[in-house]
Amino acid sequence: MPSKNLTREIEVDITSKHVINDIDHGDNVRVRIIASDDNWIESDAIAQLKKTAELPGMKLAVGLPDLHPGKGQPIGAAFVTENIIYPHLVGSDIGCGMTLYEFKKSRRKLKFDKLEKQLRNFESIDEEVADCVDSPPDLSAFDFPNELNKKLGTVGGGNHFFECQSVHEIIDEAAFDCINVNKNSLFLLVHSGSRGLGQHILTQHVSQYGGAGIKDDSADQYLLKHNFANDWAVLNRQVIADKIERLVGSGLKNILDVSHNHVYPLSASECEALQLNTDQKYWIHRKGASPSNQGLVMIPGSRGSLSYLVKPVISSNGHSAISGFSLAHGAGRKWKRSDCKGRISHRFTVKELESTPLGSRVICENRNLLYEEAPQAYKNIDGVVSDLVDAGLITVIASFKPVISFKTTRK
DNA sequence: ATGTAC
């Protein structure tokens, strides 16, 4: 693969703006986009990244190769702040992420026609499964509404999905061997989050404090709720897998779980790697960005393309500070949701959209979602992954091919 | 993304 010019770096001087809340932000903020010149990124997303970088206490704003516009702040971005936390930069789906499993039942015994039929029953057991989760999170600890736990084990809408996959190509044999899975197995990738809970927490926070950030010495309540939502999201993905185990009659072995919407403190060595004053406290906000400092990461493409299992590069001075210890979380949208129906419905029939060029099947009874999540609505994952490779942030272990993608059986 | 908001 030819080496490309990477990292368009923009220095934004915000010294004269926004002196609020006793937070000194006299230093320049660094705004960085990790993308090659041939990776098209919407100008709105770059404008949102720069705008967000002007928030008080901001030290570093990184756009990953899947950067695209969001609601006010961009998606596919990581933000390092000093002594302040911004709940709206985490967003409403706190703890949203990816979990990868290996089906224990051998691939030969998993017939795809039968598997599809079994998975089509996924939502018919929503209630009974949610009601018998072994140790449901204690919502009363924060006065959260009891109904929230009824969503445990549900996928949700938007870009959420689960997908059965097979190994397409192993690029790094040694690293693949370390994962201790069979290359002939079927795999399950689950993408979901904290459903109504994260939404509730953000709404509650905004109604109490407005859109401003919180100084971290008074952020305990938010952080406790945020951590609760992260745990809830991890459990949600686990319960989704439990349902699939039950429907398919195969065990599932967990390989990795990675959240891409959260805020966490940076360690002392990470602060040092970013050349930040270690007397202060620094926070990494990730909005649609995977951590590069927590082990292996799965970067899925659209339902019509490959997903990549990658190993973050650990540089001599720790994990890669250049990207704010973060990676792309997916391909990134190319088209706005509202544009998809108009662009796609006259080109493809529903039947055509229910399978993909890679031969996989799509379970999505909701017409709008079928258009909004069509492969054409997303950028090419290969370019996103090669940008991360060329930036020295990852090495690729293996690629995975979709077999069955599940969105919803509800109209 | 959300048992949305118009």
Side-chain angles (χ1 to χ4, degrees), chain A residues 45 48 66-77 86-99 122-131 139 144-163 189-207 211 225-226 228-230 232-237 239-240 258-263 285-290 300 302-303 329-341 364-374 377-378 405-411:
Chain A
Q48 286 182 340
D66 59 336
L67 187 75
H68 61 281
K71 217 172 110 185
Q73 50 286 323
I75 299 161
Y86 288 102
H88 74 280
L89 293 188
V90 175
S92 60
D93 197 3
I94 302 164
C96 182
M98 305 278 171
T99 311
F122 181 81
E123 284 163 328
S124 64
I125 58 169
D126 276 357
E127 283 85 11
E128 53 179 300
V129 168
D131 285 344
L139 295 166
F144 292 137
N146 267 326
E147 307 82 69
L148 290 171
N149 274 353
K150 290 196 181 303
K151 292 291 170 186
L152 273 171
T154 61
V155 173
N159 57 2
H160 290 173
F161 65 87
F162 66 78
E163 187 170 272
L189 182 65
V190 176
H191 176 208
S192 187
S194 54
R195 308 292 280 105
L197 174 61
Q199 170 99 310
H200 180 84
I201 293 168
L202 182 64
T203 307
Q204 207 179 40
H205 174 82
V206 170
S207 69
K225 291 175 186 172
H226 161 278
F228 185 92
N230 262 297
W232 197 99
V234 172
L235 178 64
N236 186 38
R237 292 188 285 272
V239 177
I240 289 169
V258 175
S259 151
H260 51 229
N261 291 348
H262 54 239
V263 54
H285 301 68
R286 296 192 179 96
K287 175 61 184 165
S290 290
S302 74
R303 67 189 182 211
H329 79 314
R333 291 198 75 84
K334 189 167 70 185
W335 298 341
K336 289 189 289 195
R337 290 186 178 280
S338 51
D339 289 347
C340 294
K341 190 175 184 179
C364 182
E365 307 267 329
N366 181 293
R367 198 59 61 86
N368 279 334
L369 207 50
L370 192 65
Y371 296 127
E372 288 172 14
E373 293 292 311
Y378 283 86
S405 301
F406 182 96
K407 296 292 287 182
T408 183
T409 49
R410 300 199 172 100
K411 300 282 176 200

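Protein chains get the first letters and strands the later ones, always in sequence-line order, with residue 1 at the start of each. All figures in this text were calculated on a predicted structure; none of them were measured in a lab.
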Please name all residues satisfying side chain to side chain donor-acceptor pair (under 3.5 Å) with A/His226, sequence neighbours left out, ordered by chain then number. A/Asn230
Applying salt bridge (Lys or Arg N to Asp or Glu O under 4.0 Å), name anything that partners A/Glu128, two or more places apart in sequence or on another chain. A/Arg246
In chain order, what residues pass the salt bridge (Lys or Arg N to Asp or Glu O under 4.0 Å) check against A/Lys407, with sequence neighbours excluded? A/Glu373
Distances under 3.5 Å between nitrogen or oxygen atoms of protein and nucleotides 2-4 of chain B:
unit_1 : atom_1 : unit_2   : atom_2 : d
B/dT2  : OP1    : A/Arg195 : NH1    : 2.8
B/dT2  : OP2    : A/Gly157 : N      : 2.5
B/dT2  : O4'    : A/Gln199 : NE2    : 3.4
B/dT2  : O3'    : A/Arg195 : NH1    : 3.3
B/dT2  : O2     : A/Gln199 : NE2    : 3.2
B/dG3  : OP2    : A/Arg195 : NH1    : 3.2

Check ring pair (Phe, Tyr, Trp, His ring centres under 6.0 Å) between A/Phe161 and all other residues, then give those that pass, not counting sequence neighbours. A/His191
With sugar-phosphate meaning primed atoms plus P, OP1 and OP2, does A/Arg410 contact a base, only sugar-phosphate, or nothing at under 4.0 Å between heavy atoms? nothing
Test: salt bridge (charged side-chain N to carboxylate O under 4.0 Å, His left out). Region: residues 148-161 of chain A. Which pairs qualify, not counting sequence neighbours? A/Asp131-A/Lys150
